[in-house]
Amino acid sequence: MNNKDNKPKNLYEELCKDYRFKEGFHTCINCGTCTAICPAAEFYKYDPRKIVSIVQTRDDQQIEELLKSDTIWYCGECMSCVTRCPRKNGPGLVIIALRDLSARLGYFTESEKGRQLLPLTHIMTGNILNYGYCVHPKSFKWEDHKESGPVWKWHTEHLEQSLARQGANYMGDGPGILRKIPQESLDELKAIFDVTGGTERIRIVEEYSKAKAEEMGMDMEEYERQAFEYCSDKHFNH
Amino acid sequence: MITEGKQKIWSDYQKEIPDDHWYYVRSCIRQNFFPASEKMFTEITQKVLGKDLYETPHHTTCGGIAYHCDTIPQETVMTIVARQFALMTEAGYENYVPSCITSFGNYCEILETWHEFPELEAKIRENLWKACKREFKKPKYLAHTSDLIYHWRNAIAAKAKHHLVNKETGEPLKIVEHIGCHYAKMFPSKGVGGAEYPYVLAGMVESWGGQVVDYPERRHCCGYGFRQYHVKANRGYSVSNTHKKFESMEPFHPDAIITNCPGCPYFLDRWQYVIAEQTGKTYGKDGFGIPVFTYEEMAGIILGYDPWDLGLQLHQVAVEPFLDKIGVEYDPKAKYLGMNKEDIMRPELPKSIKCC
């Protein structure tokens, strides 16, 4: 799949259709308050002031470079910038709009951090559509989360007994903690995905990722595992 | 510390919180990592205080984490939320209380966006009808579960069996409060105390006898960052932010941390373990960490519940030094037992951070 196929005539105008962009992008005075407060800017080579400044130029070539870069994927969406901006901008909202456009156009596959969208999509939408939760014990494996410590290893090895001790209704009928979401409710979530573009988004992310994996000479399993685990040292401030 | 100016700011941001009849929706993260906290919330609300709190098994995730991981479009998350509101409407409720800060922020953002752009709300209503044949009314009141515990903090204090006071010295314990970014950073008027000096947890600490610690990085993110944690390659971002907070609070020697958000207690607890394993550094006394609690766990401790009924055995940082300070009695041998005192073994001990 070639991402030249569906490129809109004007990227800035496309961003302007996004409600997050409408809410988060007014006149930026380039004061840099957002960068000063930003947790990501301290860790990554990241400067939200520059991103908003580039968008404000309305220069399509620069915006396209942004959409294909690692830069837009550094933000943690904590929204600390929203509180502090003296001009009521929301750089974090601008980032969400940029990421959305990058996903739709397949530009996300052009950067290491952008390619992480494939495993993230599989984790999140898989959990929602299969279980009705964004996080679920059946997919949150200790092997992928060793930072959760020996206590979590113990918990997951005795999952049903431990959850019962905590008062959970794990995979049970009726209300309660980690209950089994009724199938008719899961069917409604699937219908919502179909009607609102959620299903189409999964398809787009998978198709562009598959094309990129072929270009990189990888099978999909290797591509997805690398996207999930590999971190080059080019991203950091220190 | 001179606090008069800050108390003035707190008083400028108060919200109306109805005393009863709430429609309850659960948190994806808390059900996984702190399940007993949600159990404690329903226990306090329904059994201790006798309030009406309704839950339907048909409610689902709000989609907030998937949305902030940029994996679902805005219309998808909005229509999932519209379905949640439809379930509330069908149940005959108008006060909506989510057990999650990401959800609370998500609901605030969606309601505000619909207010600004009514044509989008109309589109979402159309989507919901097409997908589910449901209609909805928007909540009359939206509160986070911590808002309700804050609202009832003095009623809880009146039933307290313990206070946040060192039983040996009689001094108030020093408590760090961590709010969670999406509680009020986007919409300060929606949180008790606003974004700069949120009072929701500070109010609980003061009512229950403790002293709030003010420290430089008090408002810094815990480091969740959504994709910055869920993708293995990015987790350095997450631990680095937690590290920054602990380095900042360390000189104030806090006795415990109380948290608001679903992810924050997990990260502030687990990254202490990782920092200790990687560097040997611990932030509590004598090789222990600083215990991290949810507000329901702290309320449960104050009310005299068995610590193991509160799920404190799922913490990686030992809670026993804190329990000992305020004089809570507990059975150390019962910590890791299953239902009906079933032996389900016990976790291995970490190498660097002291655990009980």
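Convention: sequence-line order gives letters A, B, ...; per-chain numbering from 1. Note that the coordinates shown come from a computational prediction; the quantities given were computed from them, not determined experimentally.
Proximity to chain B is limited to the side chain of A/Glu42, based on heavy atoms less than 4.5 angstrom apart. With a threshold of 4.5 angstrom between heavy atoms, A/Leu120 approaches chain B through its backbone and through its side chain. Interface residue A/Ile123: only side-chain heavy atoms are found under 4.5 Å from chain B. Only the side chain of B/His220 comes within less than 4.5 Å of a heavy atom in chain A; its backbone stays farther off. Looking at B/Glu277, there are no atoms closer than 4.5 Å to chain A (heavy atoms on both sides), in backbone or side chain. For A/Tyr44, the part lying under 4.5 angstrom from a heavy atom of chain B is the side chain only. For a residue to count as touching a neighbouring chain, one of its non-hydrogen atoms must lie under 4.5 Å from one of that chain's; by this rule B/Trp271 touches chain A with the side chain only. Residue B/Thr113 touches chain A through both its backbone and its side chain, counting heavy-atom pairs closer than 4.5 Å. Neither the backbone nor the side chain of A/His235 comes within contact range of chain B; no heavy atom of the residue lies under 4.5 Å from a heavy atom of that chain. Proximity to chain A involves both the backbone and the side chain of B/Asn234, based on heavy atoms less than 4.5 angstrom apart. In this structure, no portion of A/Ala103 lies under 4.5 Å from any heavy atom of chain B. Within the 4.5 angstrom heavy-atom criterion, no atom of B/Ile124 approaches chain A. For chain A, the nearby parts of B/Glu55 are the backbone and the side chain; heavy atoms of each come within less than 4.5 Å. Heavy atoms closer than 4.5 Å to chain B are found in the backbone of A/Ala227, but not in its side chain. Contact of B/Asn241 with chain A is made through the side chain alone, with heavy-atom distances under 4.5 Å. If you measure heavy-atom distances from A/Leu186 to chain B, you find no contacts under 4.5 Å at all. When heavy atoms are compared at a cutoff of 4.5 Å, B/Tyr266 approaches chain A solely by way of its side chain, counted from C-beta outward. If you measure heavy-atom distances from A/Tyr133 to chain B, the contacts under 4.5 Å come from both the backbone and the side chain. Within the 4.5 angstrom heavy-atom criterion, atoms from both the backbone and the side chain of A/Pro137 approach chain B.
Taking 4.0 Å as the cut-off between side-chain N and carboxylate O, A/Glu200 and A/Arg203 count as a salt-bridged pair. Ion pair A/Glu221/A/Arg225 not flagged as a salt bridge, since none of the NZ, NE, NH1 or NH2 atoms sits closer than 4.0 Å to an Asp/Glu carboxylate oxygen. By the 4.0 Å N-to-carboxylate-O rule, B/Arg125 lies close enough to B/Glu121 to be salt-bridged with it. Between B/Asp309 and A/Arg165 there is a salt bridge, since at least one side-chain N of the basic residue sits less than 4.0 Å from a carboxylate O of the acidic one. Under 4.0 Å is where a charged nitrogen must lie from a carboxylate oxygen, and between B/Arg30 and B/Glu296 at least one such pair does. Between B/Glu116 and A/Lys22 no salt bridge is recorded (no basic side-chain N to carboxylate O distance below 4.0 Å).
Ring centroid separation for the pair B/Tyr54 and B/Tyr24 does not come in under the 6.0 Å cut-off. With ring centers used as reference points, A/Phe43 lies 6.0 Å or more from B/His243. In summary, the aromatic rings of B/Phe33 and A/Phe140 are positioned with their centroids under 6.0 Å apart. A/Tyr19 and A/Phe21 have their aromatic ring centers separated by at least 6.0 angstrom.
No other option in A/Ile202, A/Asn127, A/Val195 has as many heavy-atom pairs under 4.5 Å with chain B as A/Val195. Among the candidates A/Arg201, A/Arg99, A/Arg179, A/Met79, the residue making the largest number of heavy-atom pairs closer than 4.5 Å to chain B is A/Arg179. Ranking A/Cys81, A/Gly167, A/Cys78, A/Gly149 against chain B, the residue ahead of the rest is A/Cys78, based on heavy-atom pairs under 4.5 Å. In terms of heavy-atom pairs under 4.5 angstrom with chain A, the leader among B/His230, B/Glu342, B/Lys130 is B/His230. Taking chain A as the reference chain and counting heavy-atom pairs below 4.5 Å, the highest number among B/Gly225, B/Ala36, B/Ala233, B/Ala131 is found for B/Ala233. Taking chain B as the reference chain and counting heavy-atom pairs below 4.5 Å, the highest number among A/Lys146, A/Glu147, A/Arg84, A/Met124 is found for A/Glu147. When each of B/Glu348, B/Arg227, B/Arg270 is checked for heavy-atom pairs under 4.5 Å with chain A, B/Arg227 comes out on top. Note: B/Thr79 leads B/Ile29, B/Val274, B/Thr79 in heavy-atom pairs under 4.5 Å with chain A. The choice from B/Pro350, B/Gly236, B/Ser238 that makes the most heavy-atom pairs within less than 4.5 Å of chain A is B/Gly236. Note on B/Lys185, B/Glu75, B/Arg134, B/Lys244: by heavy-atom pairs under 4.5 Å with chain A, the leading option is B/Lys185. Of all the listed residues (A/His122, A/Gln116, A/Glu184), the one sharing the greatest number of non-hydrogen pairs under 4.5 Å with chain B is A/Gln116. Counting heavy-atom pairs closer than 4.5 Å to chain B, the top-ranked of the candidates A/Trp152, A/Tyr74, A/Tyr131 is A/Trp152.
Heavy atoms only, all atoms of each residue included: B/His182 and B/Ile101 are closest at C-CG2, 3.5 Å.
One finds the CD atom of A/Gln161 at 11.5 Å from the CG atom of B/Asn340 (value rounded to the nearest 0.5 Å). Atom-to-atom distance recorded for A/Phe25:CZ and A/Cys16:SG is 7.5 Å, nearest 0.5 angstrom. We find the CD-CG distance between A/Glu23 and A/Asn89 to be 11.5 Å, quoted to the nearest 0.5 Å. The NE2 atom of B/His59 lies 10.0 Å from the CZ atom of B/Arg83; values are rounded to the nearest 0.5 Å.
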Derivation of the side-chain hydrogen bond (donor to acceptor under 3.5 Å, both in side chains) call for B/Lys245 and B/His178: CA-CA 10 Å; B/Lys245 286 186 74 73; B/His178 181 80; 3.2 Å; yes

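Looking at B/Gln74 and A/Asp100, their side chains never bring a donor and an acceptor atom within 3.5 Å of each other.
Looking at heavy atoms from C-beta onward, B/Met186 lies out of side-chain contact with B/Cys108 at the 4.5 angstrom threshold.
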